[in-house]
Amino acid sequence: MDGKPSSSSMSRNFPLLRGDRSYQIHLSGAFILLSIISSASIALITGRVTIFYHDYVNASLPLPPNPQRQLEAEAKVQLHIIPDSDSKTECSEVVVTEDETTVKEKVNYEALVHPAMITHPNPKRVMIIESREKVDTSPFKLEVQKHTSVQEIVVISENEKDELDEVAGSGLFDVIIEAVPVTIVTGRSHISKLLFNCLEDKGILVLNFDKTTTHTGQDLGYLEVTDEMEKIGYESIHLYEDDINDFGTRREFLVAFKAFASRADWYSNESEIHIRLHRRINNSDLNFFDAPTMLKYQIPSKAIETAYCQGQGGDNVRKEDCKKLRGLNPQLSNMPISDFSVGQSGMGEHSGRGLFATKDIKEGQAIGLEKSSLSYFILPSTHQIIEEMCDWADQYDGEAYAYEVLKSISAVEAFKTGYGFWSTELGRAHSTVDSGAMMFCNHGCNGTYNFGRVTGFTEANVDLKEPPESIFRKPRAFDPVTERNMRQDLSSMSSTNRAMKQGEELLCDYLSYVGSAQYWEEDIASLRGQCDGSEVGDISSYESMQARS
C-alpha cells in the first residue's frame with residue numbers, strides 16, 4: 001500500500017485494497033518482482049528493461065578506469081594539508097612506511113576514516129582534529145587522500161577548536177574526523193555546536209572512542225553523548241566496532257550525520273559500496289576495509305543494544321521498543337496464515353481479493369508470524385530506481401521504447417505500491433511487502449479494521465496537514481534496537497484488536513502504512529476517495545491498463 005498518488009499514465013494512486021490483485025499479472029512481471037527484492041540484483045530487472053532505460057535516459061554509468069591510472073593521466077588536483085603552523089604541504093609528500101605503522105594501527109586508521117568517507121556522496125573538504133600533544137596524524141591524512149574526490153585537508157589541534165569559526169571561514173566541511181581516541185568524559189567536548197556548524201548540510205562527524213560499553217553491555221556513558229548530539233541537531237547517529245587487529249581488542253567509533261537522509265547512504269548495499277570504492281579508491285591501497293566489512297559496521301553490536309535498553313532514564317517509547325523488538329515473545333499467540341482463505345472481498349465493487357478467517361480468532365493474536373521474516377524488503381536505492389524508471393516512461397510516453405519500459409516495470413511498481421507500505425527508517429523511502437496471503441489484507445474504512453493498534457484516528461477524521469504522532473513517529477537519531485531488528489519492526493508487530501468470527505474478513509489500518517510525512521496529505525486524500533468510491537487504487541488501475549493493452 002502506501003504509495004503516493006500520481007497523475008501519471010500508470011495511475012499510481014494510494015491503493016485502498018491490497019487484495020485486488022489480478023491474475024492478469026504476467027509471470028514475467030513476477031520474475032521482475034523477485035529479482036528486485038535484493039538491491040544487489042536490481043540490474044536483473046530484465047536485460048530488456050535495463051538496456052532500454054539506459055539507452056534512452058542516458059542513465060548507464062559505466063565504471064571508470066582505475067582511479068590511480070586516471071590520476072596519472074590527468075592533471076592532479078593539489079591537496080593541501082594545513083597543520084597548526086598554517087604551512088602547506090602537498091598530500092603526495094605524506095609518506096608512512098611499514099616500519100612506522102603497525103597492523104593494529106592500520107586497522108584503526110581504515111576503520112575510522114573510510115566508513116564515513118565512503119558514505120558521503122562527494123567528500124571534498126575534510127577536517128582532522130589532532131590531540132593537544134600533536135600525535136602524528138599523517139596516517140589519517142594518508143587514508144583520507146586515497147579518496148580522489150578530496151580537494152583539501154585541514155588539520156587543527158584540540159586546543160584550537162574555539163577558533164573553528166575562523167577555520168571554517170573559507171568553507172564548510174564535508175567530513176570532520178577526531179583522529180585520536182577520546183574517553184566518554186573528554187568526548188563530550190567533541191560534540192559542541194561549533195563542530196556541528198562547521199559541517200555542510202550532508203556533513204559527517206566521526207569520533208574515535210576508547211570504549212563505550214563493557215562486553216556484557218554495561219553503558220560507560222555513551223548514552224549521554226548520543227543524547228547530547230541529538231539535542232545539538234544531528235539527525236542520525238551510529239556506533240560501530242572493529243576488532244580485527246593483532247591484539248584482538250575492540251575499537252569503537254561513532255558517526256553522526258547532520259541530515260537524516262544520509263542514513264540511506266550509510267545502509268548502502270554491498271554492490272553500491274563496491275562501485276563507490278572502485279570509483280574513488282584503488283582497492284589495492286586498502287588493507288582491511290572493503291564492502292563486506294562496511295556491511296558489518298552498519299549494524300550495532302548486541303552490547304550497544306543492551307546498554308541502550310538497560311540505561312537509566314529513557315522515555316516510554318524507548319522502553320516499549322526494547323520490550324517488543326528484541327526477539328519474538330515466546331508466549332505470543334500466533335494464528336498461522338494457513339488458517340485464512342483468500343476470496344472476493346466484501347469491501348466494495350473494486351475490492352478484489354480479501355483474507356478471511358476459517359475459524360474463530362481471539363483478540364490479541366498475531367497472524368502469520370511464520371511468514372513475516374520472509375517479507376519483501378525493497379531498499380531505498382532500489383525503490384528510487386523503480387520510481388525513476390516509471391517517471392521516465394511517463395515523461396517520454398509515446399516515444400520509442402517508452403511503452404516497453406512502462407509495460408515491463410509497471411507490474412513491479414504496482415506490486416510495490418499496491419501491496420506494500422513505505423517507511424523512511426533507512427533515511428529515504430523504501431518499501432516492505434507482506435509475504436504470502438497477508439498482502440491481501442484490505443483497508444477497514446472509517447475505523448472498521450480489526451487488525452493493528454487502535455489509535456482513534458481514521459482516514460475520515462485525521463488532520464490532512466499534520467500526521468498524528470501516535471501514527472507517524474519520526475525515527476530517532478540514535479536507536480540501536482530498531483537498527484538491529486529492522487525487519488521485525490517493519491514486518492511482524494501487529495495483532496488482532498478484537499475477537500473475530502469464522503468467515504469474517506481481516507481488515508488492516510492503512511493510515512499506519514504511510515511512511516513519509518511528505519506525502520501524508522495526498523495519501524490520506526486518496527484513501528478518502530477510495531473509501532467513498534470516487535477513486536480506485538493501484539492494483540485496479542494496473543488491471544485496467546493490462547486489459548486495454
Side-chain angles (χ1 to χ4, degrees), residues 1-3 14-27 29-34 36-37 328 332-348 350-378 411-423 431-445 448-453 487-510 512-513 530 537-540 542-543 546:
M1 195 203 89
D2 211 357
F14 191 67
L16 167 61
L17 304 159
R18 294 195 293 168
D20 67 352
R21 186 182 188 186
S22 170
Y23 292 115
Q24 294 174 358
I25 296 180
H26 304 301
L27 283 178
F31 284 122
I32 294 171
L33 155 69
L34 292 175
I36 69 157
I37 301 311
L328 293 175
L332 184 63
S333 177
N334 175 56
M335 179 72 71
I337 199 65
S338 57
D339 286 341
F340 288 81
S341 63
V342 177
Q344 180 64 39
S345 174
M347 293 301 293
H350 300 288
S351 58
R353 262 64 62 192
L355 202 57
F356 298 86
T358 60
K359 58 180 65 175
D360 292 348
I361 303 176
K362 297 178 181 179
E363 179 181 347
Q365 282 199 301
I367 295 175
L369 285 180
E370 73 281 359
K371 296 287 188 180
S372 62
S373 62
L374 304 177
S375 297
Y376 304 106
F377 197 45
I378 304 174
V412 180
E413 171 70 2
F415 179 88
K416 173 180 71 71
T417 306
Y419 290 130
F421 43 93
W422 287 13
S423 175
S431 305
T432 302
V433 183
D434 287 324
S435 58
M438 275 302 294
M439 71 173 65
F440 298 119
C441 183
N442 291 327
H443 175 63
C445 294
T448 58
Y449 58 93
N450 47 34
F451 186 70
R453 182 169 55 92
R487 297 295 295 270
Q488 180 180 337
D489 183 36
L490 292 173
S491 304
S492 61
M493 301 313 299
S494 295
S495 59
T496 54
N497 56 48
R498 61 173 176 81
M500 294 176 59
K501 295 293 186 181
Q502 179 181 355
E504 188 175 350
E505 183 172 0
L506 186 71
L507 299 175
C508 296
D509 177 23
Y510 280 19
S512 63
Y513 295 171
Q530 292 171 65
D538 284 87
I539 304 302
S540 295
Y542 173 79
E543 292 176 354
Q546 291 296 303

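Computation of the quantities below employed the complete heavy-atom set of this structure, encompassing side-chain atoms and omitting hydrogens, waters and symmetry-equivalent molecules. All figures in this text were calculated on a predicted structure; none of them were measured in a lab.
In this structure a side-chain-to-backbone donor-acceptor pair under 3.5 Å is missing from Asp509 to Phe451. With hydrogens and angles disregarded, no donor-acceptor distance shorter than 3.5 Å links the side chain of Ser333 to the backbone of Gln365. Using a distance-only test at 3.5 Å, with no hydrogens or angles considered, a donor-acceptor pair links the side chain of Thr448 to the main chain of Cys445. Panel note: side chain Ser431, backbone Ile378; no donor-acceptor pair is recorded below 3.5 Å. Between the side chain of Asn450 and the backbone N or O of Leu506 there is no donor-acceptor pair closer than 3.5 Å.
Taking the side chain as every heavy atom from C-beta outward, Ile367 and Met438 approach each other to under 4.5 Å. Residues Phe421 and Thr432 have side chains in contact (heavy-atom distance under 4.5 Å, counting atoms from C-beta outward). Between Ile337 and Leu355 the shortest side-chain heavy-atom distance falls below 4.5 Å.
If you take OH on Tyr449 and OG on Ser494, they are separated by 10.5 Å, rounding to the nearest 0.5 Å. Here the NE2-OG distance, from His443 to Ser512, works out to 9.5 Å after rounding to the nearest 0.5 Å. Between atom NZ of residue Lys362 and atom OG1 of residue Thr496 there is a gap of 11.0 Å, rounded to the nearest 0.5 Å. Rounding to the nearest 0.5 Å places CE of Met500 at 9.5 Å from CG of Asp360. Once rounded to the nearest 0.5 Å, the distance linking CG of Asp339 with NZ of Lys359 reads 4.0 Å. To the nearest 0.5 Å, atoms CD (Glu505) and CZ (Phe440) are separated by 12.0 Å.
Closest of all the heavy-atom pairs between Ala437 and Val342 is CB-CG2, 4.1 Å. Residues Met335 and Phe340 approach most closely at CG-CE1, 3.5 Å, considering heavy atoms.
Between Glu504 and Arg498 a salt bridge is recorded (basic side-chain N to carboxylate O distance below 4.0 Å). Ion pairing between Lys416 and Glu413 holds under the 4.0 Å rule for side-chain N and carboxylate O.
The closest side-chain donor-acceptor pair between Glu363 and Asn497, if any, does not fall under 3.5 angstrom. Side-chain contact, Asn442 with Ser345: a donor N or O sits under 3.5 Å from an acceptor N or O.
For Tyr376 and Phe415, the ring centers sit closer than 6.0 Å to each other.
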